[in-house]
Amino acid sequence: MGGKNKQRTKGNVRPSSSGRAADLLARESGVAPGFVGFGVSTSSDPGYVPAVQGAEEIDNLVDADFRMVLRKLSKRDAVTKLKAVQEFGAICQERQPDVVKGVLPYWPRIYCRISMDHDRRVREATQQAFEQLVLKVKRNLAPYLKSIMGHWLISQCDTYSPAASAASAAFQAAFPLNKQPEAISFCKDEVLNVLQDNLLKETADTLSDPQSVPEEEREAKYIRLLTCSLLALKRLLNILPEQDRELLKERLTQLITQGKFWKYSKHKTPQVRAFFELIATMCADAPQLIQAEAARACSAVLLSIDDTDPVVLPPLWEAVLHILSCIDNCWTHVSARKGVMPKLWVLLKEGGRGLATSLHPNLLPFISKLPAEVTQPNLEFSRTFLTSVIQGLSSDRATSSPSESAAIIFATMECLRFIILQNAGDEQEQRNIQNMLISEQLLPLIDRALGNPSLQTGPLFPQVSDMLLSWEKRVAGKETPTFQRLLSDFWEGLGHLCTTYVDCEEAKQTALEGIASLLQIMHNPNSASKQTKKKKTVKICFTDKEDRGQGEEPPRETPVVEEQHCPLRNGHLLDLLCQLAELNMVYVSELESERHLRFLSQLLGAFPSPQVFQVLLRPEEMKPEMGPELRPLAENTAVYFLLQRVTVWLKQDDRKDTDFLVDMLFSSLQCCSSSDDKTLILNHISRDLNWSVTLQLIEKACADPVHLGVCVGWLRGPVLGERLVGLAGELCVMGLRGSPSSSSHHAHGWPLISLALSQQHNNEPLIGKAYVKQIIDKLHATLSEAKGMSDAGNMEPLLTFISDVAATFFSSVKGCLLLASAEELLMTVFQLCAQDQIFTHLSDALLLKLQHAYTAGIQSLITHLGAGATKGTLLHNIGLWVKSQLFTIPLTVKSLQVLVQAVESLAQTIASAQNTSCLLSQFICCLTPTEEEWSCVRRALPPQVLKPFTFTQAKQAAQHVIVCFSQTASENSSMFWNPWVQLFVCANCELIVRLSDFFTSPPAGVQEQLPPELNSEWKEFFLEGIHNLLLSLLIKIPETEQYLYLGEALTYIPVELLTQNKLPPRFVADQRSSLPEPLQTLLNTLSPLLLFKARPLQLAVYHILHKVMPLLPESDSESASAKSDDDDGEEPCLSPPAALMSILSATEELLENILGGVQVGEFAVVQPLSMEHCFILGYLLAWKLLFTFFKASSSHLRAQYSLHLKKTRSLHKLLLHLFRLMPENPSVPGQPAEPSSKEPKTFFTESLSLAPRKTDGLQFEVPHLACSVYYGALKDLPAMVRLWWNSQEKRVFSTVDKFTSKYVSGVLSAQEIASVQSSTQTFENMMVKARSATREVIATYSVDDIFIELLIQLPQNYPLGSISVESGRRVGVAVQQWRNWMLQLSTYLTHQNGSILEGLSLWKNNVDKRFEGVEDCMICFSVIHGSNYSLPKKACRTCKKKFHSACLYKWFTSSNKSTCPLCRETFF
């Protein structure tokens, strides 16, 4: 049917056209077909690509890619739609605006559907794609705006935030901010139509097909649409100007008169109850609408006041406040006493059910808007309201959440202050309300807080203080009597409350602390914690004249707390303080109550006032006897109390805790005006004060700048300084005697000494400089004396204390080492660390402490003082001491090792702390012996050492030097920062290179003169020791120029030492490998160094790994053969060495970034020794190693490796990079310009030199290496290169073909022919010959009476082109069999990655198997598989025919059946 060559019906002169048919149908019926595609939809939903008048017109308007994407969008699968939308956005971004405009007629219908998709990812991607469309079409979107704006606005209110943000971004991209109201106003009627349909008409079943969409998905989509539509309507009202809202008034009235609309207030889904946001917006922007439906609005909002869903509550209360403001007679529509207030009381008693932070800030505006008929009687209403709010503090959520509790406290205090202001009169009812608020609400709330520590740290006390301050301000106004009475009642009640707690022998510590905190905050509101202030969310400020109406809402935000530095003006607070202090002193004096004494300390700390100290002293008490200098000071009650009471308490022996007494001491001293008086008092007190109290006193002074200013004179005075010097001497003497220092007298001695030495004030020592020097002198003398003692056990505690003090002193005080005694102490500490523990008797722990001490000292010396190493300095003295140890004292090996480690540690500290390198060089010069010292060393050597060496002895001595050097370097590689050590390493490596050259190829005539055992000794003993240690050294040394010499030395390492290396094991998780552990460790250790930023090291690593590459395939042979036996699936895939593959994967992206801007075929110039040169060099070296690995692999392993490269596309990326790195003319530079008879030298004909020492011609290294890698790819992986070449676009295809034919094919063909001619490989029953002139290979196969001759012709662009196989003579072979064999040989030569000889060998094996009786696989018609070289093994149980496993796998997957290819029975 429909054949092209059939005769047409008479009169039908034009071929059929679906476009004309659609056009005809549209003209006749007046309706265009619903879908242009695979059929016409019969449903009411129009097609996604609606037909315009004629299919030809569609083709002109809509791009083919767009049409395909639009059809994909009609699919149900979410993943398909997601990918299609993403593709749509990408096409919009890439194509020209004229092309994108063609899709606009079809986009609105598609957008309106997929923007409401159930999958949130699709919705987000839709808005992102829409933004790309908007950016392209811009003003051309205008004709379609009305059909799209409704769903666009809904999408901006999507419940999935990323989708809503994407829709808003698209909207902002389309319209500037000032144009957005105009755009929405233009489409307002269409938008409202969509929203009305969604809210009133749509259901879950009308939105989605019940037959295909699950019920849960339908319901979720419907709920989301309702929520978004309500929010979109709110957004519409917010954005539209006033005149446009008036135009929509009639339409909106139709909406809100519907009963279904008001039912959303009781919807079971919280998101839909976003309805209250819409109501609040209507009250603000269209109050007439709400007033017309007042009954429904009041019922819907006010009767839902107990809704505590976290999503609903904030908009609900916003709607409540708007309803109260908008509808004057709102309480006539609902019953406040029965319907609203009971719900509110229950909600408040439960603390807002965990939503106090959202609910309670609305309570004050709420009660301020309540009319009198609702709040009558005022007393009962206020009592019920505040009682309910305060009761909410007992809820579980409020007790566990500080923010919830704070919100309730704020609301309580604000509402209480508002009610007092509303009832600030002298009428009896108002007085009753005032008394109720003070006695029944405020004071019980404070009482509750005094027993609850969490309420004490909350905002209650600052709020109470703020309220009292505002009341005191109002005392001067017209309401003076009312607020005076309020203040009097409050202070009277508070005094009674506090007295109740204090006047008790077993007073609660929590309550006492709460009282002290409350009084302190009242005295100084700024002492409240900043954290509490930050939690304030809604603050109300009441001005002096507050005659607000009930409908007026007070302001919501004010400053936090006024700055008040003076106490309350009426003296109530001071009276209460004195009353509590006097009562408290009774319990302290008569009952010696510890908790009352602590409370007294807290009171005095908050109120260091003479009046308070006055009530603490009894009139009948006599003044104590004191010297004439203190007698005038005793007139001060605070000083008198300090000397008579506090000092006595401090000196009590049985008192353990004196911390609060020290606070009391500072409180007393604050009442002294003169600093000299304070110093005099402290000197008097501290003469016989316990050391623990002294330590506490200094610690508190250091922690508080105010306290430090009080006692700075005492700290630097002679009394404390002499006491501390005496304490240090006493501690040192007791330590040298070995006496235990566990008594309380000495338990705080060392911490006190450490604190006094380490603290500073105004860049001066905390105590006098003279006393610091004396203490350091005593420590140094003690340390020097202890150094010579042998009684290690008893010296340990003393030295530990001294080391801790020294470390703290050196690290804390900047200019500490300006003191000569401090330098001497540091020198002694270093000497202890640099001597053997056998002589010093130091434990390991103590030695670490001493090392820490001198490290801190050296760092302080260099960092803060900029020390040098000139004569007389500390570092110079250390150098002289080290040399004296070496030259004058006989050292054991262990002593020498300890000394070297100490010097090395010191040098590392200098290197890390110095700003320039000169200091380290100066220090090394101090350590270097002078010429005179060297001559002394030479004179000290025995005479036999200096006798002339024989040749053999000299060689052996040199080897011993090398081995000792290598061993020392490998054991301690951290010394390589030293430039002298680096030179020593380079010289020895150069010696190793020359010796290796000498023993590898000795000069003519020298071999006979050498001792016969010398060569064997070099190979059997020295070679192994040297290279094993150099190999481990290669990965340890820092970035220095030693790489050049060390790498060159390691290029001579024998492969046997690499396979049995002693490197520390290094394995990578999830790395599959069959290699032996030493080889795997070698690869994992050295492969990353191919990318190291030092060319000599890269090349050294390449030469090392190149030696082991041919050994690696052996490990894969056994595992591959075992795997092939059990392989029932696809073709086996085997990864080349994972360490190298990780290097390739790490650098491929880097090279793409470097070379991405260069087209294939163009030459990218790489700057020598740059970072790009480093990465490219490592990448190409890794590929050269891989080609060496491939070359050593067998045919079946090579096939599996090739499959892995094919899957990872690594070779494809390499070839693209190579054609950016190879020059267009790869001629070797420096050739004569005139043409000669000889072929010009190119990078393909000349071998590449990868010598680490090479410095000239580095600009040609990467191009030459790239050519070498390309040559290796063509030689070792010709089939894969051919596959890549055939898959390239025309331009790349042509470029590669021309370049390869011109420069590579001739060289490679000649080498291939030469390898056939020079091959020593023999084949049974087959003879192979080559003709270089004609680029032909002739294979003759004969067995019995069968004779076959095959002619193999290499193409001009070998190996890219196909190798032709022609027929020669044949005898005794059928034509069909002959054709099969020729086809097989052509296949093997084309698809196998190897040489012609390997392809012929494979073909011969196939023919041999055929003659041996092995049947062909009936899928590929070959005995040996073309890829994995396996035989047919999988037999059908029915027809008994055998097949290759890989062929069967491909058959099953391509046919989607599991039947036998021959008999069609199920294959088991």
Side-chain angles (χ1 to χ4, degrees), residues 32 46-53 57-74 81 84-117 122-158 163-195 228 232 235-236 239-241 244:
Y48 280 98
V49 190
V52 292
Q53 303 305 314
E57 190 175 349
I58 295 176
D59 292 336
N60 293 333
L61 292 178
V62 183
D63 184 75
D65 291 337
F66 272 124
R67 292 182 59 80
M68 182 62 66
V69 170
L70 296 180
R71 288 196 178 99
K72 288 180 183 178
L73 289 173
S74 64
K81 283 189 286 188
V85 172
Q86 293 171 343
E87 187 179 351
F88 179 85
I91 295 175
C92 289
Q93 195 172 7
E94 295 169 359
R95 299 301 170 87
Q96 295 298 321
D98 293 337
V99 179
V100 179
K101 281 190 293 186
V103 82
L104 283 177
Y106 317 118
W107 175 248
R109 192 174 299 152
I110 298 169
Y111 175 79
C112 292
R113 177 165 179 173
I114 60 175
S115 64
M116 295 293 108
D117 195 86
V122 174
R123 300 200 302 275
E124 181 185 3
T126 299
Q127 307 306 328
Q128 293 170 346
F130 190 20
E131 182 180 3
Q132 298 301 324
L133 178 66
V134 166
L135 292 173
K136 281 292 182 182
V137 300
K138 297 181 180 177
R139 292 179 178 271
N140 295 288
L141 184 66
Y144 311 96
L145 203 56
K146 290 188 176 182
S147 59
I148 214 170
M149 184 61 78
H151 286 80
W152 201 355
L153 199 62
I154 291 173
S155 297
Q156 295 177 54
C157 302
D158 199 313
S165 300
S168 300
F171 195 68
Q172 292 172 6
F175 308 104
L177 195 61
N178 59 335
K179 294 290 185 180
Q180 291 178 7
E182 183 180 345
I184 292 183
S185 176
F186 174 68
C187 310
K188 60 183 181 298
D189 292 323
E190 289 75 16
V191 171
L192 195 56
N193 287 338
V194 173
L195 297 179
C228 297
R235 184 177 176 87
L236 177 67
I239 295 180
L240 284 178
D244 290 326

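When a residue number appears, it is its place in the shown sequence, counting from 1.
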Kindly compute the distance separating CG (Leu135) from CD (Gln93), expressed to the nearest 0.5 Å. 8.5 Å

Check against side chain to side chain contact (heavy atoms under 4.5 Å, CB included), Glu190 and Met149: CA-CA 8 Å; Glu190 289 75 16; Met149 184 61 78; over 6 Å; no

So CG of Leu145 and CZ of Phe186: to nearest 0.5 Å the spacing works out to 6.5 Å

Single hit among Phe88, Phe66, Tyr144, Trp152 for ring-ring contact (aromatic ring centres under 6.0 Å, His included) with Trp107: Phe88

Which heavy atom of Leu73 sits nearest a heavy atom of Ala84, and at what distance? CD2-CB, 3.7 Å

Test of understanding: with side-chain contact (heavy atoms from CB on, under 4.5 Å), list the residues that count as partners of Ser185, not counting sequence neighbours. Lys188, Leu240, Asp244

Check the pair Glu124 / Gln128 against side chain to side chain contact (heavy atoms under 4.5 Å, CB included), numbers first and verdict last. CA-CA 6 Å; Glu124 181 185 3; Gln128 293 170 346; 3.4 Å; yes

Using side chain to side chain contact (heavy atoms under 4.5 Å, CB included), reason through Ile110 and Thr126 one step at a time and then give a plain yes or no. CA-CA 10 Å; Ile110 298 169; Thr126 299; over 6 Å; no

Gap separating the NZ atom of Lys101 from the NZ atom of Lys136, nearest 0.5 angstrom: 12.0 Å

Residues Val100, Ile91; criterion side chain to side chain contact (heavy atoms under 4.5 Å, CB included); working and verdict: CA-CA 8 Å; Val100 179; Ile91 295 175; over 6 Å; no

Which atom names give the shortest non-hydrogen contact between Lys72 and Lys81, and what distance separates them? O-CG, 4.4 Å

For Cys112 and Met116, which heavy atoms make the closest approach, and how far apart are they? O-CG, 3.9 Å

Taken in chain and number order and not counting sequence neighbours, the residues that satisfy side-chain contact (heavy atoms from CB on, under 4.5 Å) with Gln180 are Phe171, Gln172, Phe175, Leu177

Separation between CD1 (Ile184) and CZ (Arg235), nearest 0.5 Å, reads 6.0 Å

Ignoring hydrogens, what is the shortest heavy-atom contact between Leu133 and Cys92? Give both atom names and the distance. CD1-SG, 4.0 Å

Which distance, rounded to the nearest 0.5 Å, do you find between the CD of Glu94 and the CD of Gln132? 10.0 Å

Do you know which two heavy atoms are closest between Gln127 and Ser115, and how far apart they sit? NE2-CB, 3.7 Å

For Asp158 and Ala163 the tightest heavy-atom approach is OD2-CB, 3.8 Å

Hey, could you give me the OG/CZ distance between Ser155 and Phe130, rounded to the nearest 0.5 Å? 9.0 Å

